[in-house]
Number of protein chains: 2
Amino acid sequence: MNRPAEGIPGDAEKDRRTGLTIGQVARAAGVGVETVRFYERKGLIEQPEKPMFGRRSYPPETVARIRFIRRAKELGFTLKEIAELLELRMDPGKSCAEVRARALAKTADIDRKIETLGRMRRALADLASACRGRGPTIDCPILEAMEEGEEHE
Amino acid sequence: MNRPAEGIPGDAEKDRRTGLTIGQVARAAGVGVETVRFYERKGLIEQPEKPMFGRRSYPPETVARIRFIRRAKELGFTLKEIAELLELRMDPGKSCAEVRARALAKTADIDRKIETLGRMRRALADLASACRGRGPTIDCPILEAMEEGEEHE
DNA sequence: CTTGCATCCGTACTATGGTACGGATGCTAT
DNA sequence: ATAGCATCCGTACCATAGTACGGATGCAAG
């Protein structure tokens with residue numbers, strides 16, 4: 001039941017056979033242990049056979065998968081969308097075109113966000129330039145504009 | 001205890017003396033009743049003397065205040081920031097310059113968001129253009145880039 | 001063989017901005 | 001007077017993306 005310690009200096013040796021612990025996965029992927037567990041709960045990474053006893057052992061691919069998630073997040077995808085990308089990736093029936101379509105849809109998405117922010121920015125800059133920055137807040141043209149403001153939209 | 005109904009045809013007449021009900025405030029401001037209550041909980045609008053019995057009666061200014069909140073939100077302020085703006089507005093010791101500073105800080109904020117989104121967009125568009133949209137997802141350059149991806153940042 | 005870090009697990013909490021529910025009243029028109 | 005909508009209130013829930021906690025184990029080294 002108990003394997004003797006000789007020949008097994010530590011994590012590294014053991015892992016070569018059984019995989020990675022959650023802590024090792026987390027460190028390798030650059031996220032916290034809790035985040036790994038969170039992704040598991042969300043179905044973004046498959047949890048290795050429930051242990052019930054002992055520890056879970058992760059295949060090295062899990063690290064790559066978490067890195068994928070992080071990279072996709074940096075590109076603006078939500079976890080839900082990333083889950084879909086991962087599904088596409090796994091499904092041999094799906095084509096590259098599907099992925100491409102999602103990427104393009106996301107750029108359109110980002111464009112809309114940028115436009116909205118641009119409109120905000122312009123409106124706000126206009127207000128700020130109308131305010132010479134003196135006098136009490138009661139007379140502030142910025143606040144006034146917000147109070148009476150034109151219902152733009 | 002009971003005032004007779006004559007001379008009081010309905011809401012409109014009563015309100016002229018006692019103020020507005022939450023439903024009237026909500027309709028006038030273009031938000032839901034629950035949103036009004038939410039803003040109260042958040043301290044964005046003062047709740048009129050707790051009734052304990054009967055209904056709360058809102059001064060007409062409440063409608064303007066909610067409109068202010070909405071407009072500020074459209075300009076990109078969070079509710080927390082809006083609460084600060086409202087405080088500035090009420091404080092006679094504060095100057096217009098403070099409001100202006102916040103508006104400018106927010107434009108800088110928005111600029112940063114736009115830059116981040118622009119970077120995302122470019123990266124994503126590059127990936128999409130590298131994908132001719134054919135073949136299985138296993139060979140998709142977009143997914144590949146995400147899997148191996150350069151740790152940009 | 002005991003010390004002590006790592007894991008395991010469910011659950012709760014964070015922030016953001018609301019939305020929904022359910023039971024108890026209020027108020028108004030008929 | 002009573003039907004029936006409006007309000008009142010606390011509380012729970014939604015999505016989003018995690019973070020934190022606490023008690024119970026696992027496991028490896030000294």
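In what follows, every chain begins at residue 1, and chains take the letters A, B, ... in the order their sequences are listed. Everything quoted here is computed from the prediction, not taken from an experiment.
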Under 4.0 Å between a side-chain N or O of [X] and OP1 or OP2 of [N]?
X: A:Tyr39; N: D:dG18; value: yes
X: A:Arg70; N: D:dG18; value: yes
X: B:Thr21; N: D:dT7; value: yes
X: B:Thr35; N: C:dG17; value: no
X: B:Arg56; N: D:dC8; value: yes
X: A:Thr78; N: D:dT16; value: no
X: A:Arg37; N: D:dT19; value: no
X: B:Lys80; N: C:dG17; value: no

Name the nucleic acid region contacted by A:Lys73, choosing base, sugar-phosphate or nothing; use a 4.0 angstrom heavy-atom cut-off, strictly under. sugar-phosphate
Mind checking whether B:Phe77 and B:Ile114 sit in one hydrophobic cluster, side chains of I, L, V, M, F, W, Y counted as touching below 4.5 Å? yes
Spell out, yes or no, whether B:Leu104 and B:Leu75 are grouped together once hydrophobic residues are joined by side-chain heavy atoms under 4.5 Å, including indirect joins. no
Which whole-number value in Å describes the distance from [X] [atom1] to [N] [atom2]?
X: B:Lys42; N: C:dT14; atom1: NZ; atom2: P; value: 11 Å
X: A:Phe38; N: D:dA20; atom1: CZ; atom2: P; value: 14 Å
X: A:Ile45; N: D:dA17; atom1: CD1; atom2: P; value: 15 Å
X: A:Glu40; N: D:dG18; atom1: CD; atom2: P; value: 15 Å
X: B:Leu79; N: C:dT14; atom1: CG; atom2: C1'; value: 16 Å
X: A:Ile22; N: C:dC9; atom1: CD1; atom2: P; value: 9 Å
X: B:Arg41; N: D:dC8; atom1: CZ; atom2: P; value: 13 Å
X: A:Lys113; N: D:dT16; atom1: NZ; atom2: C1'; value: 12 Å

Under-4.0 Å salt bridge between A:Glu81 and A:Lys106: yes
With the threshold set at 4.0 Å, does a side-chain nitrogen-carboxylate oxygen contact exist between A:Arg89 and B:Glu144? no
Per nearest nucleotide of DNA chain C, the residue lying toward the 5' end, B:Glu34 or B:Phe77, is B:Phe77
So if I take every side-chain heavy atom of B:Arg55 and compare against C:dG26, C:dG17, D:dA17, which nucleotide ends up nearest? C:dG26
Determine the minimum heavy-atom distance between B:Gly133 and A:Ala97, stating which atoms define it. O-CB, 3.2 Å
